[in-house]
Participant: 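Quick one: the structure is below, and I'll ask about it shortly.
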Amino acid sequence: LQFKVTLTASLNPQSTSEPTELRCEVGDLLHLQDGRLGVTWSYSTNAPGDVSQKKILIASLNEQGALIAGSEYQQRLDSGEIAVTRKESNVFILRVLQTRDADMGSYSCVVTAWKPTQQSGWEKAKEVQSTPVTVQWTPK
C-alpha cells in the first residue's frame, strides 16, 4: 500500500475575515483494495522563536467518514465556521469561512489508510503526512 499526500491552499486570505480553503489530495494510490481513507487536520503556530510548536488537532474524518472535532475547535466546527469535507474519494477540504488573525500559522493534513480486519473492524495500514502550508497575511 502506498500513496502520497499534497496539501495546497486553494484560497489563501489576504486579510482578516476572508475565507481560507486548504485542499489535501491523495495521489499515486496503489493497493488500497477494500480499504478506506481518513484525514486528520492540525494547526501549529508559526511564531518566531516558538520552540514548542505544539500541534493542535482541528478535526479528523475517520474510516467511517465521521467527523471528530478537536476540543479547541469544537465550537467553530459546530457553528459551521469551519468545515471539513471530502470532495472526491481522494480529496479532503478544510474551509474556514472567516479567518481570524489567530488562525495564522501552519496547517497540515495526515491521511490514514484503513484496511478491513477479519473481525469486521478496521486497522490503520499506513499514515502519510503532508508538508505544512502557511496561512499568513499582514494585519492592517
Participant: Out of curiosity, T45 OG1 to K54 NZ, how far, rounded to the nearest 0.5 Å?
Facilitator: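 Going from OG1 on T45 over to NZ on K54, the span is 8.0 Å.
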Participant: State whether a side-chain donor-acceptor pair under 3.5 Å links E21 with S10.
Facilitator: yes
Participant: A side-chain contact here means heavy atoms from C-beta on lying under 4.5 Å apart; do F92 and L22 qualify?
Facilitator: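 Not touching, per the 4.5 Å side-chain cut-off.
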Participant: Mind checking whether Y73 and I93 sit in one hydrophobic cluster, side chains of I, L, V, M, F, W, Y counted as touching below 4.5 Å?
Facilitator: no
Participant: From T131 OG1 over to Q129 CD, what is the distance, rounded to the nearest 0.5 angstrom?
Facilitator: 9.0 Å
Participant: Can you see which heavy atom on R86 is nearest to which on E88, and at what distance?
Facilitator: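 That closest heavy-atom pairing would be CG-O, 3.3 Å.
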Participant: With a 4.5 Å limit on heavy-atom distance, are the side chains of R100 and E81 in contact?
Facilitator: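 Of all side-chain heavy-atom pairs linking E81 with R100, at least one is under 4.5 Å.
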Participant: How long is the gap from CG on L94 to OG1 on T85, to the nearest 0.5 Å?
Facilitator: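 Answer for the CG-OG1 pair, L94 versus T85, is 8.5 Å.
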Participant: Of the non-hydrogen atoms in P132 and S106, which two are nearest, and what is the gap between them?
Facilitator: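 It is CB-OG, 3.4 Å.
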Participant: Transitively linked via ILVMFWY side-chain contacts under 4.5 Å: V135 with L77?
Facilitator: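 Linked within one cluster.
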Participant: Walk me through it: do E123 and W114 pass the test side chain to side chain contact (heavy atoms under 4.5 Å, CB included)?
Facilitator: CA-CA 5 Å; E123 65 180 16; W114 300 83; 5.7 Å; no
Participant: For a side-chain contact (heavy atoms from CB on, under 4.5 Å) with V128, tell me which candidate from V110, V26, T112, V5 qualifies.
Facilitator: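 Of the listed options, the one satisfying the test is V5.
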Participant: Is there a side chain to side chain contact (heavy atoms under 4.5 Å, CB included) between L7 and W41? Walk through the geometry before answering.
Facilitator: CA-CA 11 Å; L7 180 61; W41 291 96; 3.5 Å; yes
Participant: To check you understand the geometry: which heavy-atom pair defines the closest contact between E63 and R36, and what is its length?
Facilitator: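 Shortest heavy-atom contact: O-CD, 3.0 Å.
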Participant: Please determine whether side chain to side chain contact (heavy atoms under 4.5 Å, CB included) holds for the pair T20 and D103, giving the CA-CA distance in whole Å, both sets of side-chain angles, and the decisive distance to 0.1 Å.
Facilitator: CA-CA 10 Å; T20 301; D103 290 326; over 6 Å; no
Participant: If only atom types and distance count, is the side chain of Q14 paired as donor or acceptor with the main-chain N or O of N12 below 3.5 Å?
Facilitator: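 Side chain of Q14 to backbone of N12, a donor-acceptor pair under 3.5 Å: yes, one is there.
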Participant: Indicate, with yes or no, if L67 and V91 share a hydrophobic cluster defined by side-chain heavy-atom contacts under 4.5 Å among Ile, Leu, Val, Met, Phe, Trp and Tyr.
Facilitator: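 They do not share one cluster, since no chain of ILVMFWY contacts under 4.5 Å joins V91 to L67.
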Participant: Give a yes or no on whether L11 and I82 share a hydrophobic cluster (residues Ile, Leu, Val, Met, Phe, Trp, Tyr; joining criterion: side-chain heavy atoms under 4.5 Å apart).
Facilitator: no
Participant: Please tell me if the side chains of T8 and V133 come closer than 4.5 Å, counting only heavy atoms from C-beta onward.
Facilitator: no
Participant: Does Q75 CD have over 12 foreign heavy atoms under 6.0 Å away?
Facilitator: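 Atom CD in Q75 is not crowded, with 12 or fewer foreign heavy atoms closer than 6.0 Å.
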Participant: Supply the atom-to-atom distance K126 NZ to L1 CG, rounded to the nearest 0.5 angstrom.
Facilitator: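 With rounding to 0.5 Å, NZ (K126) is 6.5 Å from CG (L1).
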Participant: Under a 3.5 Å cutoff, is there a donor and acceptor pairing between the side chains of S108 and S42?
Facilitator: yes
Participant: Would L29 and V39 show up in the same hydrophobic cluster when neighbours are defined by side-chain heavy atoms closer than 4.5 Å?
Facilitator: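 Yes, it is one cluster - the side chains of L29 and V39 are joined through contacts under 4.5 Å.
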Participant: Grab the two heavy atoms, one from F3 and one from A113, that are nearest each other, plus how far apart they are.
Facilitator: CE2-CB, 3.8 Å
Participant: Got W122 and N62 here, is their nearest side-chain heavy-atom distance under 4.5 Å?
Facilitator: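 W122 does not reach N62 side chain to side chain.
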Participant: Just wondering, do T40 and K55 contact through their side chains at under 4.5 Å, heavy atoms?
Facilitator: no
Participant: With a 4.5 Å cut-off on side-chain heavy atoms, are K115 and D34 touching?
Facilitator: no
Participant: Donor-acceptor check, side chain of S130 to backbone of C109, threshold 3.5 angstrom: yes or no?
Facilitator: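 Yes: the side chain of S130 pairs with the backbone of C109.
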Participant: Do T99 and W137 touch side chain to side chain, with heavy atoms closer than 4.5 Å?
Facilitator: yes
Participant: Could you walk me through whether I58 and R76 pass the side chain to side chain contact (heavy atoms under 4.5 Å, CB included) test, one step at a time?
Facilitator: CA-CA 10 Å; I58 300 171; R76 294 176 74 187; over 6 Å; no
Participant: Any chance you could measure Q74, atom CD, to L57, atom CG, to the nearest 0.5 Å?
Facilitator: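 Reported value, rounded in 0.5 Å steps: 10.5 Å.
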Participant: Side-chain contact, heavy-atom cut-off 4.5 Å: Q2 with D28?
Facilitator: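 Not in contact.
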